[in-house]
Amino acid sequence: MAVTDQTLFEAAEAIRAHAYAPYSHFHVGAAILADDGNIYSGCNVENAAYPQGNCAEASAIAAMIAGGARRIKRVYVTGPGREPVTPCGGCRQRIREFADPDVTVISHGVDGTPLESTLGELLPHSFGPEFLGR
Ligand code: THU
C-alpha cells in the first residue's frame with residue numbers, strides 16, 4: 001500500500017505527542033518514509049544542558065538506522081503554530097547523509113499550510129558521503 005502524506009502527517013503527530021521539550025515548549029515530530037517502505041518517526045528530546053538536546057529529525061533518523069533502513073524517501077515534520085517547521089541547518093545535513101537532493105521534505109506548522117521543499121532547495125551545494133568516496 002502506498003504511504004500517503006496523510007499517513008506521514010499522522011505518524012509525525014502521533015510521536016510529537018511524546019516530545020520532551022520542557023525548556024522550549026516547542027514540540028516537534030518527524031516521520032521518515034524509508035527505502036524499506038516503513039515509516040520511522042521521532043520527536044525532539046531536550047536536555048537541561050541545552051546543547052545536548054536532540055531534534056525530532058535526528059531521532060527519526062536514529063530510529064531508521066536502528067530499524068535497518070538506509071535511505072530516506074520522504075520526510076514530514078510537524079510542530080506548533082502557523083509557520084512551516086523547517087528542519088534546522090544541522091538536521092538538513094543529517095538528512096543529506098541518507099537522502100538524494102530530490103527527496104521531498106514537508107514542513108508543517110499544524111495551524112498553517114504545509115510547505116513542500118526538496119532537500120536540494122533546503123541545502124544547496126551540499127557536502128555529502130560521496131566527497132569522501134562513499
Ligand atoms: N526542533 C526540532 O526538533 N526540529 C526542527 O525542525 C526545529 C526545531 C526542536 C529543537 C528544540 O527542542 C525545539 O525544537 C526548539 O528549537
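Indexing begins at 1, ligand by ligand and atom by atom, following the structure's order. Computed from heavy atoms alone, side chains included, the values below leave out hydrogens, waters and symmetry copies.
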Undergrad: I need the nearest protein heavy-atom contact for atom 10 (C) of ligand 1: residue, atom name and distance, please.
TA: Cys55 SG, 3.9 Å
Undergrad: Classify the angle between the aromatic ring planes of Phe9 and Tyr76 as parallel (below 30°), tilted (30 to 60°) or perpendicular (above 60°).
TA: perpendicular
Undergrad: I'd like to check atom 16 (O) of ligand 1 in this structure: does the protein have a heavy atom lying under 4.0 Å from it?
TA: no
Undergrad: What pairs with Ala17 under side chain to side chain contact (heavy atoms under 4.5 Å, CB included), at least two apart in sequence or on another chain?
TA: none
Undergrad: May I have the step-by-step check of side-chain contact (heavy atoms from CB on, under 4.5 Å) for Thr86 and Ser117, ending in yes or no?
TA: CA-CA 9 Å; Thr86 50; Ser117 320; 5.6 Å; no
Undergrad: Quick one: look up the protein heavy atom nearest atom 1 (N) of ligand 1 and list residue, atom name and how far away it is.
TA: Val28 CG2, 3.7 Å
Undergrad: Could you pull out, from Glu57, Arg92, His25, Arg16, the option with a heavy atom nearest to atom 6 (O) of ligand 1?
TA: Glu57
Undergrad: Of the protein's non-hydrogen atoms, which lies at the shortest distance from atom 9 (C) of ligand 1, and what is that distance?
TA: Asn44 ND2, 3.5 Å
Undergrad: Any atoms of ligand 1 less than 4.0 Å from a non-hydrogen atom of Ala56? List them with their elements.
TA: 2 (C), 3 (O)
Undergrad: What's the shortest distance from atom 11 (C) of ligand 1 to any protein heavy atom, and which residue and atom give it?
TA: Glu46 OE2, 3.3 Å
Undergrad: Do Lys73 and Val3 come close enough that some side-chain heavy atom pair is under 4.5 Å?
TA: no
Undergrad: Are more than 12 heavy atoms, taken from residues, nucleotides or ligands other than Glu83, located less than 6.0 Å from that residue's CD atom?
TA: no
Undergrad: Atoms of ligand 1 less than 4.0 Å from Pro87 heavy atoms?
TA: 6 (O)
Undergrad: Would you indicate whether the side-chain heavy atoms of Leu122 and Arg96 approach each other to under 4.5 Å?
TA: no
Undergrad: Could you tell me, atom by atom, which parts of ligand 1 come under 4.0 Å of a heavy atom of Ser24?
TA: 13 (C), 15 (C)
Undergrad: Taking atom types as modelled, find out whether Glu10 and Gln6 have a side-chain donor-acceptor pair closer than 3.5 angstrom.
TA: yes
Undergrad: Short list, please: which atoms of ligand 1 are under 4.0 Å from a heavy atom of Thr86?
TA: 6 (O)
